[in-house]
Student: 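Encoded as structure tokens, here's the structure I'll be asking about.
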Amino acid sequence: MGGLEVVEPDWIHVKTDRNHVDPPVDVETVREAVIDNLMLVEDPEIPINIYDLGLIYDLDVSADGSVRVLMTLTAPNCPVAGSLPEMVRKGVLNVPGTTGCEVDLTWDPPWGPEKASEDARLALGF
């Protein structure tokens with residue numbers, strides 16, 4: 001399955017000179033903005049965003065603006081294993097108030113349709 005690529009979305013939240021945020025940040029506001037951006041990234045094999053698909057296992061925002069994302073992919077041999085985590089990192093770092101982002105990829109537990117949101121499961125026919 002070569003040739004798949006993650007299409008970069010037009011981010012909802014983007015840093016500009018006018019919306020610069022110095023730490024400490026409002027953790028919940030930044031977290032919600034990060035989720036907004038991640039909901040724009042679609043899995044190239046399943047046309048559903050990676051957040052609703054359940055690929056984001058954990059999202060931790062610190063008051064200093066650093067963000068840690070624990071995520072998985074639909075399969076270990078996913079053809080976008082190199083590019084999707086980088087797209088997640090870019091979506092996080094575009095959010096005003098973020099100062100850094102660490103994206104960790106895990107296979108434990110493996111992804112399954114039960115991890116998807118109810119809306120995503122309906123779209124998938126489950």
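Since the model is a prediction, treat every value here as computed from it, not as a measurement. We use all heavy atoms of the structure for the numbers below, so side chains are in, but hydrogens, waters and symmetry mates are not.
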Student: Answer yes if the side chains of H13 and D36 hold a donor-acceptor pair under 3.5 Å, and no otherwise.
Tutor: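 Yes, D36 and H13 have a side-chain donor paired with an acceptor closer than 3.5 Å.
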
Student: Kindly say whether V14 contributes a backbone atom to a donor-acceptor pair with the side chain of N19 at under 3.5 angstrom?
Tutor: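 Here the side-chain-to-backbone pair exists.
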
Student: To the closest 0.5 Å, what do you measure between CG (D43) and CG (D52)?
Tutor: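 One finds 12.5 Å between CG of D43 and CG of D52.
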
Student: Taking atom NZ of K90 as the centre, does the number of heavy atoms from other residues, nucleotides or ligands within less than 6.0 Å exceed 12?
Tutor: no

Student: Would a 4.5 Å heavy-atom cut-off, applied to side chains only, mark E102 and S66 as touching?
Tutor: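 They are not in contact (no side-chain heavy atoms under 4.5 Å apart), so the answer is no.
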
Student: So does T98 get a backbone contact from the side chain of K15, meaning a donor-acceptor N/O pair under 3.5 Å?
Tutor: yes

Student: Would you confirm whether N37, through its side chain, and G91, through its main-chain N or O, come within 3.5 Å as a donor-acceptor pair?
Tutor: yes

Student: Report yes or no: do V25 and L93 belong to one cluster of Ile/Leu/Val/Met/Phe/Trp/Tyr joined by side chain heavy-atom distances under 4.5 Å?
Tutor: no

Student: Report whether Y51 and L122 are members of the same hydrophobic cluster (ILVMFWY, side-chain heavy atoms less than 4.5 Å apart, transitive linking).
Tutor: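 Hydrophobic grouping puts Y51 apart from L122.
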
Student: Quick one: pull up CG in L55 and CE in M71 and give me the separation to the nearest 0.5 Å.
Tutor: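 Going from CG on L55 over to CE on M71, the span is 6.0 Å.
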
Student: Counting distance only, does the side-chain N/O of Y57 pair as donor-acceptor with the main-chain N or O of P109 below 3.5 Å?
Tutor: yes

Student: Nearest 0.5 angstrom please: L84 CG to E42 CD, how far?
Tutor: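 The CG atom of L84 sits 11.5 Å away from the CD atom of E42.
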
Student: Is it true that a side-chain atom of T72 and a backbone atom of W111 form a donor plus acceptor pair closer than 3.5 Å?
Tutor: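 No, because the side chain of T72 does not come within donor-acceptor range (under 3.5 Å) of the backbone of W111.
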
Student: Could you pull out the closest heavy-atom pair between P96 and V30, with the gap in Å?
Tutor: O-CG2, 4.0 Å

Student: CE/M39 to CD1/I48 distance, rounded to the nearest 0.5 angstrom?
Tutor: 11.0 Å

Student: Show your reasoning for whether side chain to side chain contact (heavy atoms under 4.5 Å, CB included) applies to D58 and V69.
Tutor: CA-CA 6 Å; D58 190 38; V69 178; over 6 Å; no

Student: Look up atom CG in D104 and atom OG1 in T106, then write down how far apart they are to the nearest 0.5 Å.
Tutor: 8.5 Å

Student: Is it the case that one hydrophobic cluster holds both V80 and V7, taking links as side-chain heavy atoms less than 4.5 Å apart, direct or via other members?
Tutor: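 No, no single cluster joins them.
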
Student: Quick one, V67 with L59, criterion side chain to side chain contact (heavy atoms under 4.5 Å, CB included). Give me CA distance, side-chain angles, the key distance, then yes/no.
Tutor: CA-CA 7 Å; V67 179; L59 177 60; 3.7 Å; yes

Student: Can you check salt bridge (charged side-chain N to carboxylate O under 4.0 Å, His left out) on E118 and R121, steps first, answer last?
Tutor: CA-CA 5 Å; E118 185 177 336; R121 286 193 307 270; 5.1 Å; no

Student: Where do A63 and P23 come nearest, in terms of heavy atoms and distance?
Tutor: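 That closest heavy-atom pairing would be O-CB, 3.8 Å.
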
Student: Say whether, by atom type as modelled, one donor and one acceptor occur between the side chain of S62 and the main chain of D64 under 3.5 angstrom.
Tutor: no

Student: Supply the atom-to-atom distance L53 CG to K115 NZ, rounded to the nearest 0.5 angstrom.
Tutor: 11.5 Å

Student: What closest approach, in Å, do C101 and R89 show between heavy atoms, and which atom pair accounts for it?
Tutor: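 That would be O-NE, 3.8 Å.
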
